[in-house]
Amino acid sequence: MLDIAFVKPALPRSGALVLPLAEGAEGVPALAGLAQAIDAASGGAIARGLAAAGFKGRKGQSATLWAPALEGGAAGPARVVAIGLGKPGELTPEAAEAAGGGTLPLVGAEREAVVAAEALAAPHAAAFAFGLLLRSYRFDRYRTTVKEEDKPKLERVAVATDAATAAKTAWAPMRAVAEGVFLSRDLVSEPPNILDPEEMAERCKVLEKLGVDVEVLGPKEMRKLGMGALLGVAQGSVKEPRLVVMQWHGAGGGKGKKATTSPVAFIGKGVTFDTGGISIKPAGGMEDMKWDMAGAGAVVGLMAALAGRKAKVDVVGLVGLTENMPSGAAQRPGDVVRTMSGQTVEVINTDAEGRLVLADVIHYCRERFEPRFMIDLATLTGAIIVSLGHEHAGLFSNDDTLAQQLAAAGKAVGEQVWRMPMGEAYDKALKSDIADMKNVGGRPGGSITAAHFIQRFVGTKAGPMQTPIPWAHLDIAGTAWSSKDLPTVPKGATAFGVRLLDRLVADHYEG
Ligand code: BES
Ligand code: MN
Ligand code: ZN
């Protein structure tokens, strides 16, 4: 991970000097601080160069000036990179973050970069660094032939600011969140022969170093608990399923002590490879189904983020891990399975496996923890991509407050969600002729009937009132993986959900 520091301003003698600049009244934006210092030291070459490049400081604009000659032959930066921030006074943390992300490709070939952030408020300076860091993620584990000149060189970023103390305070939790994002991206990027359920459970144990309690259940425990739906999905694979239970006690109890409040709960679909099972998928694009564990990956990354920044909240994260494979032992269309809740399910389509996994994990979560709310994340349906594309995740909820909080948190961090309708009529589509329900509701509204299936396992709070547990389901099939570079998300695993849910907790469920 990039080393990021907040320092007193001083001109660098090598590497990159980054100038985040707001639009000027006309022509080249006003240069202050280090920007002005390097312009003066170069006899005005910076202002002339930016003018020649047509750089106005507009949002998304950039210009690179190479090795400006400094007076007296003094050593200076190898490149000066100007980044547009848009209209002065209109900068938001999100825009600062995007500008930072956009900077990375322009400086990545240098070993060190200094960001002249004197004109930015401390939270904006930290956000700029956060964007830069998030964009720097790479998954190179399996490349053995990258040419030296193609390797990223950037190691250190010094953010020059007169408000270093305030910026450092804003930075500390961001760094922890970035760690969670990177952990999640690593898990989702791994190929399915390496990251099977057992390996993923093993990797969850790195959270123990952060003070998270990690328990791993295997098929024996699952059989004892009666998790017939999860086990039905797993039975076609030679790989054993796992259920990982992660607990962070941050509300005051401290590690090991009993939770003082009922925890908030996050549940992830962790299908480490989804062939479809006997209802097998077509070959084209099937490799994408290695990231059918992105919901689980987000939950693990979220736990790392919350524990890493010592969030004042009691939280449990549960991930149901299995493969979905065809074999002589695989579950068949027409099979009836008994879930842990006692409800029976006719498996019409073995490719609708995520909801079967979630059914048992959600029921287990509710029974064991009686959580304050449950939020599940799952790459659940192709239909949500048809509905929302790759710009929003589908949000389904039985609770308006929770839904609104999620929508607001998503806007704030750039992981947007769009609430989808639910209702009795959709639920009816799950009627089965032989069991309590079937696992698919047909093509129309496929994401919605999938959400209704899950909702049947959410249950109610303890006591006679039959109050439903507040619940939200995020269908992240369209947002878990990006086919192109985005400002703060390089092409590949996005870790969608880590920042969103970290922000939800920070804004509403701490202290
Ligand atoms: N993992 C898939 C959903 C998916 C599709 C995720 C494309 C990411 C990209 C899920 O298990 C699945 O196969 N869903 C089926 C449900 C259908 C059989 C009712 C689908 O969406 O086709
Ligand atoms: Mn499937
Ligand atoms: Zn799946």
Side-chain angles (χ1 to χ4, degrees), residues 188-189 192 195-197 200 229-230 232-237 239 241 267-298 319-326 330-335 345-361 376-394 396 420 426-427 429-430 432 437-454 473-483 492-494 496-497:
V188 176
S189 301
L195 196 92
D196 59 19
M200 176 133 174
L230 201 172
V233 174
Q235 79 188 34
S237 173
K239 315 255 189 194
I267 295 122
K269 168 181 172 181
V271 176
T272 61
F273 196 75
D274 179 14
T275 64
I278 295 299
S279 313
I280 198 162
K281 290 180 180 294
M286 202 201 277
E287 67 281 5
D288 283 353
M289 288 300 108
K290 76 169 185 181
W291 48 262
D292 210 17
M293 37 60 69
V319 295
L321 305 171
T322 177
E323 277 193 332
N324 186 24
M325 300 291 276
Q331 110 177 313
R332 292 145 293 250
D335 282 4
V345 179
E346 181 186 11
V347 178
I348 297 290
N349 189 319
T350 65
D351 197 11
E353 86 295 342
R355 60 198 79 180
L356 295 169
V357 173
L358 289 173
D360 278 337
V361 181
D376 75 79
L377 300 101
T379 47
L380 203 68
T381 65
I384 202 67
I385 310 175
V386 176
S387 303
L388 301 175
H390 304 286
E391 319 309 323
H392 289 82
F396 303 82
M420 301 283 288
Y426 294 107
D427 191 74
L430 298 171
S432 161
M437 70 195 86
K438 52 188 185 181
N439 76 328
V440 293
R443 267 175 64 80
S447 307
I448 305 173
T449 51
H452 271 283
F453 183 94
I454 295 170
H473 156 59
L474 299 173
D475 192 336
I476 60 171
T479 54
W481 191 270
S482 177
S483 58
T494 62
F496 187 101

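Each ligand, and each atom within it, is numbered from 1 in the order the structure gives.
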| message | Less than 4.0 angstrom from a charged side-chain N to a carboxylate O is my criterion; do Lys269 and Asp376 meet it? | response |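 So Lys269 does not pair with Asp376 through a salt bridge.
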
| request: Could you check which N/O/S atom of Glu353 is closest to the Zn ion (ligand 3)? | output: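 Of all N, O or S atoms in Glu353, the Zn ion (ligand 3) lies closest to OE2.
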
| message | Restricting to N, O or S, what is the name of the atom of Asp292 that lies nearest the Zn ion (ligand 3)? | response | OD2

| query | Which of these, Leu356, Leu430, Thr449, sits in a side-chain contact (heavy atoms from CB on, under 4.5 Å) with Asn439? | reply |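 Output: one option passes, namely Leu356.
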
| message | Going by side-chain contact (heavy atoms from CB on, under 4.5 Å), Leu377 matches just one of Val319, Leu474, Leu358. Which one? | response |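 Going through the options one by one, the only one that passes is Leu474.
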
To the nearest 0.5 Å, tell me how far [X] [atom1] sits from [Y] [atom2].
X: Thr272; Y: Asp196; atom1: OG1; atom2: CG; answer: 6.0 Å
X: Met420; Y: Ile384; atom1: CE; atom2: CD1; answer: 4.0 Å
X: Leu388; Y: Ile476; atom1: CG; atom2: CD1; answer: 13.5 Å
X: Thr381; Y: Asp475; atom1: OG1; atom2: CG; answer: 3.5 Å
X: Ile454; Y: Leu380; atom1: CD1; atom2: CG; answer: 5.0 Å

| task | Could you pull out the closest heavy-atom pair between Met325 and Ala330, with the gap in Å? | result | O-CB, 3.5 Å

| task | Please report the shortest heavy-atom distance between Ser447 and Phe396, naming the atom on each side. | result | O-CZ, 3.6 Å

| message | Show me, by chain and number, every protein residue that has a heavy-atom distance under 4.0 Å to ligand 1. | response | Lys269, Asp274, Lys281, Met289, Trp291, Asp292, Asn349, Asp351, Glu353, Arg355, Thr379, Leu380, Thr381, Gly382, Ile385, Val440, Ala477

| task | Keeping waters out of it, list the protein N, O or S atoms under 2.8 Å from the Mn ion (ligand 2). | result | Asp274 OD2, Asp351 O, Asp351 OD1, Glu353 OE1

| task | Taking the Zn ion (ligand 3) as the vertex, measure the angle between atom OD2 in Asp274 and atom NZ in Lys269; round to 10°. | result |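 Value returned, to the nearest 10°, is 170°.
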
| message | Applying side chain to side chain contact (heavy atoms under 4.5 Å, CB included) to Met286 and Phe273, what does each step give before you reach the verdict? | response | CA-CA 9 Å; Met286 202 201 277; Phe273 196 75; 3.9 Å; yes

| task | Please state whether the separation between the Zn ion (ligand 3) and some N/O/S atom of Ala352 is under 2.8 Å? | result | no

| query | Would one find an N, O or S atom of Asp351, in either backbone or side chain, under 2.8 Å from the Zn ion (ligand 3)? | reply |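 Short answer: no, not a single N, O or S atom is under the cut-off.
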
| request: Please lay out, stage by stage, how Thr275 and Lys281 fare under the test side chain to side chain contact (heavy atoms under 4.5 Å, CB included). | output: CA-CA 6 Å; Thr275 64; Lys281 290 180 180 294; over 6 Å; no

